[in-house]
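Taking it in order: structure first as structure tokens, then the write-up.
Hydrogens, waters and symmetry mates play no part in the numbers below; they use all other heavy atoms, side chains included. Computed from a predicted structure; not experimentally measured.
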Amino acid sequence: MKRLSLLVALIIIVTVSLSEARIKTKGRGEKMNFDADSIQESFKPTFNLMSVKCIKCHTMERVVIAVQTGRAPITGQPFNKQAVKAYGIKMLRKPNSDMDKKEIRDIVVFLNYVLDENQK
Ligand code: HEC
């Protein structure tokens with residue numbers, strides 16, 4: 001019995017510490033996005049920018065899933081820091097992307113931060 005409660009306590013501790021480090025998400029399907037409350041204050045402006053700029057052609061679900069699974073959902077390519085930069089440029093070059101280099105740079109830095117937080 002003692003062993004079991006110890007095990008349960010351990011599982012709770014591990015789950016709590018994992019969920020603390022991760023950037024939380026909110027909503028499902030089309031409404032899915034990172035949870036603003038779990039984002040560091042200094043990154044909030046970029047998060048807001050991304051939430052406007054990156055939903056022009058698809059929803060944020062695509063980006064959230066890429067970060068969470070480490071795989072880009074359409075092509076199945078790895079989604080790591082190198083890939084984030086490449087995708088940033090790819091999205092920038094799409095016709096009517098309505099973004100400039102500075103915005104993409106900020107969003108790439110932001111997504112690297114999210115990837116880092118999720119690896120803790
Ligand atoms: C002009 C339209 C457009 C905008 C704006 C746009 N995307 Fe995309 N995105 C696409 C299309 C089309 C695809 C489908 C796969 C492809 O062409 O790469 C895609 C796919 C993706 C994927 C999945 C790629 C894969 O290989 O599975 C990610 C991640 C992504 N976009 C992130 C972003 C981010 C982050 C932004 C904002 C900086 C953004 N997108 C803005 C058009 C856009």
Side-chain angles (χ1 to χ4, degrees):
M1 200 52 202
K2 211 173 172 192
R3 258 219 182 125
L4 185 68
S5 30
L6 214 67
L7 190 69
V8 170
L10 198 71
I11 291 170
I12 292 173
I13 291 167
V14 169
T15 324
V16 169
S17 55
L18 278 179
S19 58
E20 279 302 298
R22 283 177 164 252
I23 303 286
K24 296 190 185 69
T25 59
K26 245 183 169 171
R28 283 164 182 258
E30 289 187 3
K31 294 222 168 74
M32 188 187 244
N33 200 349
F34 301 109
D35 182 358
D37 291 341
S38 63
I39 289 164
Q40 193 181 299
E41 211 48 51
S42 61
F43 278 116
K44 283 194 178 155
T46 310
F47 169 67
N48 292 333
L49 177 76
M50 181 180 80
S51 305
V52 175
K53 294 281 179 174
C54 301
I55 57 163
K56 217 182 145 208
C57 314
H58 49 73
T59 61
M60 278 304 296
E61 185 184 16
R62 198 171 279 185
V63 184
V64 173
I65 289 183
V67 168
Q68 280 181 334
T69 61
R71 295 244 157 222
I74 309 296
T75 57
Q77 294 294 311
F79 195 80
N80 49 28
K81 286 189 177 180
Q82 268 168 310
V84 165
K85 198 169 176 198
Y87 279 121
I89 296 165
K90 193 176 181 188
M91 296 303 141
L92 174 69
R93 289 203 181 126
K94 289 200 183 289
N96 307 317
S97 69
D98 191 27
M99 292 182 277
D100 62 33
K101 275 192 189 153
K102 161 124 192 6
E103 289 169 336
I104 287 291
R105 213 180 299 134
D106 289 349
I107 291 170
V108 167
V109 171
F110 169 71
L111 286 174
N112 281 335
Y113 150 76
V114 177
L115 282 172
D116 274 344
E117 287 299 304
N118 280 4
Q119 259 160 22
K120 279 181 190 166

Do [X] and [Y] make a side-chain contact, defined as non-hydrogen atoms from C-beta onward lying under 4.5 Å apart?
X      : Y      : result
Ile39  : Glu117 : no
Asn33  : Phe47  : yes
Leu111 : Met50  : yes
Met32  : Thr59  : no

Ignoring hydrogens, what is the shortest heavy-atom contact between [X] and [Y]? Give both atom names and the distance.
X      : Y     : result
Tyr113 : Gln40 : OH-N, 2.9 Å
Ala66  : Pro73 : CB-CD, 3.9 Å
Pro45  : Ser42 : CD-O, 3.6 Å
Met91  : Met99 : O-CE, 3.8 Å
Phe34  : Val67 : CZ-CG2, 3.8 Å
Val108 : Gly88 : CG2-CA, 4.3 Å

CD of Glu103 to CG of Asp98, rounded to nearest 0.5 Å, is 7.5 Å

In this structure, CD of Gln82 is separated from CG of Asn112 (nearest 0.5 Å) by 10.5 Å

Above 12 or not: heavy atoms from other molecules or residues under 6.0 Å from [atom1] of [X]?
X     : atom1 : value
Asn96 : CG    : no
Lys53 : NZ    : yes
Glu30 : CD    : no

Under 4.0 Å between a side-chain nitrogen and a carboxylate oxygen: does that hold for Asp116 and Lys120? no

For the backbone of [Y] and the side chain of [X], can you confirm whether one donor and one acceptor N or O come within less than 3.5 Å of each other?
X      : Y      : value
Asn118 : Ile23  : yes
Tyr87  : Ala72  : no
Ser97  : Arg93  : no
Thr46  : Phe110 : no
Lys26  : Asp37  : no

Q.
Between Val64 and Val109, is there shared hydrophobic-cluster membership here, with clusters defined by ILVMFWY side-chain heavy atoms closer than 4.5 Å?
A.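 Val64 and Val109: one cluster.
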
